[in-house]
Amino acid sequence: MIILQADAMENKYEIRNSSDQLIFSCNDLIEFYSFMETNNNYWFAFTGVSEQNVNLIMNDEIYSIKTDQFAGRFYCQFTVKKIIKSPDVLYACLSLTSRICTEMYSEMYKVGALSFLKEADDLEERVWLDMKGSLKLIYISASYLKNGIPRTLDKETIVIEGKYIQDYYAFFCELGHAFIGKFGYMGSCIDDVSQLIEDLCSKDRKINVIWKDSDLSFKAIDNTLPVNCEMSASDFQLGTLEEYCNVILE
C-alpha cells in the first residue's frame with residue numbers, strides 16, 4: 001500500500017520503493033547487530049509505523065530508508081528477506097545492498113551506527129579503543145553521520161597519537177580525531193583520506209602533522225591489514241599524508 005507524503009511528515013524515517021514511492025514511515029529504526037557472519041543480512045525493528053498493513057515484496061524489490069536527520073547523510077538500500085508483524089512494530093530481516101557514493105569512495109552506513117549515536121554524548125573521547133578490528137567501522141560511520149565531511153580546517157598543526165592506533169582501522173579513527181576532534185571523520189580507506197586531505201589543503205598551504213609513536217603504529221597497521229588491502233599499508237598511508245602535509249615522525 002502506498003501512503004501519502006503528508007502522513008509521514010512527523011515521522012523520522014521513510015521507506016520507499018525503487019520508484020521512490022513512500023511505502024510507510026516510522027518513528028524509530030532499531031538495529032539488531034550480530035557478531036556472527038550475516039552475509040550482509042540484518043534484522044531491524046521499525047517502531048511507530050504509519051501503516052499497519054504493510055506489504056513488502058520479498059527478495060526482488062529494492063527499497064530504501066531515508067531520513068531528514070544527519071543533514072540527509074543517512075541512506076540505506078535493501079531487499080527484504082523476512083518480516084514479522086506486531087502491533088506498532090514491524091520486524092524485518094533486510095539484505096543491505098552496496099551503493100556507489102557520489103561524494104566519497106566508500107560506503108557510509110554501517111549497521112550499528114544509529115544505535116551508537118544515541119549514546120554519543122556519554123561515550124568516551126576515543127571510544128573505538130574498546131572496539132575490536134573492523135567493528136571500528138561502526139564508529140567511523142557514526143562519525144560521518146554526526147559531523148559529515150570536513151570542508152575547512154582551522155588547525156595549523158595536527159597531532160596523531162600513534163599509541164591509540166592498535167590496528168588498521170584505528171588509524172582512520174585516530175586520524176579523524178586528530179584533524180577534527182571527537183567523532184571527526186576523515187574516511188575509512190586510504191582513497192577517502194587522500195581526497196579529503198587534498199580538499200582541505202591548498203597549493204600554498206601545507207598542514208603540519210606530528211605523528212607521535214609512529215613506529216609503534218606502523219607495526220600495528222601492517223600486522224592487521226585486511227585481505228587485499230596491501231595498498232593501504234603504513235608506508236602508503238604515510239606517503240598520502242606527505243603528499244599534502246609536512247609530516248614529522250616521532
Could you pull out every donor-acceptor pair under 3.5 Å between side chains of residues 83-91 and any protein atom, sequence neighbours left out?
| unit_1 | atom_1 | unit_2 | atom_2 | d |
| --- | --- | --- | --- | --- |
| K85 | NZ | V54 | O | 2.7 |
| S86 | OG | V89 | O | 3.2 |

[X] and [Y]: which non-hydrogen atoms are nearest, and at how many Å?
{"X": "F24", "Y": "E51", "result": "CB-CB, 4.2 Å"}
{"X": "I221", "Y": "A233", "result": "CG2-C, 4.5 Å"}
{"X": "F46", "Y": "C26", "result": "CD2-SG, 3.8 Å"}
{"X": "C173", "Y": "I140", "result": "SG-CG1, 3.9 Å"}
{"X": "S141", "Y": "A113", "result": "OG-CB, 3.5 Å"}

Straight-line distance of [X] [atom1] to [Y] [atom2], nearest 0.5 Å:
{"X": "C245", "Y": "K206", "atom1": "SG", "atom2": "NZ", "value": "7.5 Å"}
{"X": "Q166", "Y": "M131", "atom1": "CD", "atom2": "CE", "value": "11.0 Å"}
{"X": "C93", "Y": "K81", "atom1": "SG", "atom2": "NZ", "value": "8.0 Å"}
{"X": "L96", "Y": "T79", "atom1": "CG", "atom2": "OG1", "value": "8.5 Å"}
{"X": "Y169", "Y": "S134", "atom1": "OH", "atom2": "OG", "value": "5.0 Å"}
{"X": "F236", "Y": "L241", "atom1": "CZ", "atom2": "CG", "value": "14.0 Å"}

Distance-only criterion, 3.5 Å: show the donor-acceptor pairs between side-chain atoms of residues 154-165 and protein atoms not counting sequence neighbours.
| unit_1 | atom_1 | unit_2 | atom_2 | d |
| --- | --- | --- | --- | --- |
| K155 | NZ | A178 | O | 2.7 |

Problem - From CA spacing to verdict: ring-ring contact (aromatic ring centres under 6.0 Å, His included), Y42, F78 - result: CA-CA 10 Å; Y42 299 91; F78 63 89; over 10 Å; no

Practice task
Evaluate side-chain contact (heavy atoms from CB on, under 4.5 Å) for R151 paired with I149, printing each intermediate quantity in order.
Solution key: CA-CA 6 Å; R151 303 299 182 186; I149 294 172; 3.9 Å; yes

Same apolar cluster (I L V M F W Y, side chains within < 4.5 Å links), [X]/[Y]:
{"X": "V209", "Y": "I248", "answer": "no"}
{"X": "L135", "Y": "F171", "answer": "yes"}
{"X": "L175", "Y": "I210", "answer": "no"}

Does atom [atom1] of [X] have more than 12 heavy-atom neighbours from other groups under 6.0 Å away?
{"X": "K182", "atom1": "NZ", "result": "yes"}
{"X": "K82", "atom1": "NZ", "result": "no"}
{"X": "E124", "atom1": "CD", "result": "no"}

Practice task
Could you tell me how the ring of F74 sits relative to the ring of F70: parallel (under 30°), tilted (30 to 60°) or perpendicular (over 60°)?
Solution key: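 Taking F70 first and then F74, their aromatic rings sit tilted (interplane angle of 30° to 60°).
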
Problem - Salt bridge flag under 4.0 Å for residues K136 and D167 - result: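 Between D167 and K136 there is a salt bridge, with a charged N closer than 4.0 Å to a carboxylate O.
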
Problem - Under-4.0 Å salt bridge between K118 and D28 - result: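 Here K118 pairs with D28 in a salt bridge, since their nearest N and O are under 4.0 Å apart.
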
Side-chain donor or acceptor of [X] paired with backbone N/O of [Y] under 3.5 Å:
{"X": "R126", "Y": "E174", "value": "no"}
{"X": "E242", "Y": "V247", "value": "no"}
{"X": "Q77", "Y": "T97", "value": "no"}
{"X": "T224", "Y": "Y168", "value": "yes"}

Side chains of [X] and [Y], heavy atoms from C-beta outward: is any pair under 4.5 Å?
{"X": "S25", "Y": "I15", "value": "no"}
{"X": "L153", "Y": "I207", "value": "yes"}
{"X": "F44", "Y": "V111", "value": "yes"}
{"X": "N55", "Y": "I23", "value": "no"}
{"X": "L123", "Y": "F116", "value": "yes"}

Exercise for the section: Go through T47 and N27 one step at a time and tell me if the side chain to side chain donor-acceptor pair (under 3.5 Å) criterion holds. Expected result: CA-CA 6 Å; T47 65; N27 292 329; 6.0 Å; no

Handout entry: Y185 vs L196, side-chain contact (heavy atoms from CB on, under 4.5 Å): CA-CA, chis, key distance, verdict
Key = CA-CA 10 Å; Y185 178 80; L196 280 168; 4.2 Å; yes

Exercise for the section: Could you walk me through whether W128 and Y139 pass ring-ring contact (aromatic ring centres under 6.0 Å, His included), step by step? Expected result: CA-CA 7 Å; W128 74 81; Y139 169 83; 5.3 Å; yes

Exercise for the section: Could you please spell out the steps behind the side chain to side chain donor-acceptor pair (under 3.5 Å) verdict for S194 and T240? Expected result: CA-CA 6 Å; S194 178; T240 298; 5.4 Å; no

Exercise for the section: I would like to know whether E198 and Y244 meet side-chain contact (heavy atoms from CB on, under 4.5 Å); could you show each step before the answer? Expected result: CA-CA 7 Å; E198 182 180 9; Y244 305 102; 3.7 Å; yes

Handout entry: Verdict with supporting geometry, H177 and M186, side-chain contact (heavy atoms from CB on, under 4.5 Å)
Key = CA-CA 8 Å; H177 188 278; M186 284 296 290; over 6 Å; no

Name each donor-acceptor pair under 3.5 Å that joins a side chain in residues 61-69 to protein atoms two or more places apart or in another chain, with its distance.
| unit_1 | atom_1 | unit_2 | atom_2 | d |
| --- | --- | --- | --- | --- |
| E61 | OE2 | S18 | N | 2.8 |
| E61 | OE2 | S18 | OG | 2.6 |
| Y63 | OH | I57 | N | 2.8 |
| K66 | NZ | D20 | OD1 | 2.9 |
| T67 | OG1 | K12 | O | 2.7 |
| T67 | OG1 | Q69 | N | 3.1 |
| T67 | OG1 | Q69 | NE2 | 3.2 |
| Q69 | NE2 | Y13 | OH | 3.1 |

